[in-house]
Structure formats: C-alpha cells, structure tokens
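Lettering follows sequence order; numbering is per chain, from 1. All values reported here derive from a predicted model rather than from experimental measurement.
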Amino acid sequence: DAKTTQPTSMDCAEGRAANLPCNHSTISGNEYVYWYRQIHSQGPQYIIHGLKNNETNEMASLIITEDRKSSTLILPHATLRDTAVYYCIVRVAKGGSEKLVFGKGTKLTVNP
Amino acid sequence: DTEVTQTPKHLVMGMTNKKSLKCEQHMGHRAMYWYKQKAKKPPELMFVYSYEKLSINESVPSRFSPECPNSSLLNLHLHALQPEDSALYLCASSQTVIMNTEAFFGQGTRLTVV
C-alpha cells in the first residue's frame, strides 16, 4: 500500500494560512490523494482530494507536485475550529476495490 | 443528506457477550466500510462492502462478523471480544468503491470490552 508521511504536529496563528505537507513518494499513477481531518473523538471529515491537478473548494486548496510524490493542504485563513488531526490519505486499489489507507496524521493547533 | 448514522454511540460489553453495531446511510451509496481506531492512532480499515458483497477483509479476527443486509445498512456483529478490542468503531460510505468520490464517516461507536 502506498504510504504517506506527515509531520507529527504543527502550529498556526489564527487568521493565517496553514500549510500542511505530505509525502507520498510510492504513489501509483492512478491513486488519488485525499485529505480528511478529525476533531477529537469525532468521525473523520472529508476536506478535498486530487489526482495530479491542483484543487480548491470552500474549505481548502490542495497543491500536488508535478511528480506527484508530495502534496500540500492549504487552509487559507485558519480559525480555532480548524484545530484537529489532519490525515493525508492515498486511495489504494485492491482486488477490484479501493480503500482509504490512513497515515499517522498531523496534529494542527491553531492559536489565538 | 450526507449523514452516516451509527448506533449505539457507546457500548460496554463483557467478553462472553454478543452485541452488534449498526450503521445506516440514505445517500444511495453502494460502498460501505468498517474502520477501527485505537486511542491516538489513525483509523485502520477492517472491511469493505461493495454492492452488498464483502470485497475486502483486512485479515480481521472471526470474532468480528460483518453483515450488509441491504444497500443502506451495515452491521458489525461482535462475539467473544477481548479487552484489547476496545476502540472507536467507525463506519463510512461512498458512492462506489471505484469512483473518484469522497467517503463520508459516521461519528463512531465507542466500544469498551470488560
């Protein structure tokens, strides 16, 4: 399974952009990169996903490098409610099915 | 409606008990998943169902028995569990397993085995 590597923790000031990096150097050509976040003891919440183009939605932007070996999630104006564990995930194909393989995640703390 | 509903929210069971976790979605999704999450760890995939058929079993012990009675429901039957099985059990669903779509997660069932 393609694995992801993320910093264990990061801090960000409220109102500033939070840039969360992820390495996925073994990703295959048809595997998507997904980002989820999990606020303490709740279910993971979908943020964004992409294959090779940069993506943007109302929550965040996803920048994927040209070689697809790494990506960055950008929260443009972090708020205190964005404090959570952020998971970079590669959607892996297996036996005609697919699965989300979670990495260890980055604990983002947004400070006032 | 993008909700995945899991019941119960909390469950305490003895090692000789039989219990079931329930997951329900009404988004017309045809793929459903069970994950297990230990404290301070990422979720780990247990099972994937596609069109009501089991498509992935991540070598889960037989004391965990999944069931998908219809396209909206996913159950996880528990029997003879061990204290180390205590965890947050998460259910998720997605449109299918092979499309470029997101999976939606429920809030989980927090299981304690005593």
Side-chain angles (χ1 to χ4, degrees), chain A residues 1-9 22 24 28-53 55 57-60 62 64 73 84-108, chain B residues 2-7 9-10 21 23 25 27 29-60 87-112:
Chain A
D1 293 347
K3 300 215 183 289
T4 60
T5 306
Q6 299 175 252
T8 302
S9 63
C22 178
H24 31 78
S28 297
N30 60 349
E31 291 174 342
Y32 285 80
V33 178
Y34 282 74
W35 283 83
Y36 280 76
R37 71 181 182 184
Q38 189 173 26
I39 297 169
H40 182 62
S41 293
Q42 296 182 19
Q45 177 190 20
Y46 167 79
I47 302 173
I48 199 166
H49 72 281
L51 183 63
K52 53 185 176 182
N53 298 322
E55 302 287 345
N57 63 19
E58 65 277 5
M59 288 184 70
L62 174 61
I64 302 174
L73 177 74
V85 178
Y86 286 77
Y87 292 105
C88 171
I89 299 162
V90 173
R91 190 158 186 162
V92 176
K94 177 177 177 179
S97 191
E98 291 189 1
K99 57 182 184 178
L100 294 173
V101 180
F102 282 75
K104 294 184 178 179
T106 296
K107 167 70 173 158
L108 175 69
Chain B
T2 58
E3 191 171 343
V4 176
T5 304
Q6 291 187 243
T7 54
K9 287 186 169 44
H10 301 274
L21 309 184
C23 174
Q25 57 87 14
M27 295 177 276
H29 289 174
R30 303 311 298 272
M32 297 186 78
Y33 311 79
W34 280 115
Y35 282 81
K36 173 182 176 179
Q37 186 174 26
K38 302 282 282 183
K40 300 189 187 304
K41 298 290 187 183
E44 295 179 2
L45 182 68
M46 300 175 72
F47 303 104
V48 179
Y49 271 82
S50 176
Y51 290 88
E52 296 92 71
K53 287 185 171 32
L54 183 65
S55 62
I56 295 178
N57 176 342
E58 293 286 68
S59 302
V60 178
L88 181 68
Y89 288 84
L90 293 160
C91 174
S93 72
S94 63
Q95 193 168 355
T96 72
V97 293
I98 57 172
M99 281 186 67
N100 169 18
T101 61
E102 63 268 37
F104 294 92
F105 283 81
Q107 294 304 298
T109 293
R110 186 160 300 283
L111 174 68
T112 303

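With rounding to the nearest 0.5 angstrom, the CD atom of Glu102(B) is 12.0 Å from the CD1 atom of Ile47(A). Remark: Lys99(A) NZ to Ser94(B) OG distance equals 14.5 Å, nearest 0.5 Å. Rounded to the nearest 0.5 Å, atoms CD (Gln38(A)) and CG (Leu90(B)) are 6.5 Å apart. The distance from atom CD of Glu44(B) to atom CZ of Phe102(A), rounded to the nearest 0.5 Å, is 11.0 Å. Atom-to-atom distance recorded for Leu100(A):CG and Tyr33(B):OH is 6.0 Å, nearest 0.5 angstrom.
With a 4.5 Å cut-off on non-hydrogen atoms, Gln45(A) does not touch chain B at all.
In the displayed structure, Lys38(B) atom NZ is contacted under 6.0 Å by more than 12 heavy atoms of other residues, nucleotides or ligands.
Between the side chain of Tyr36(A) and the backbone N or O of Ala103(B), at least one donor-acceptor pair lies under 3.5 Å.
Ring pair Tyr46(A)/Phe105(B): centre-to-centre distance not below 6.0 Å.
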Q: Assess whether side-chain contact (heavy atoms from CB on, under 4.5 Å) is satisfied between Lys41(B) and Lys104(A), documenting all intermediate values.
A: CA-CA 7 Å; Lys41(B) 298 290 187 183; Lys104(A) 294 184 178 179; over 6 Å; no
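When all heavy atoms of Pro44(A) and Pro43(B) are compared, the pair lying nearest together is CG-CG, 4.3 Å.
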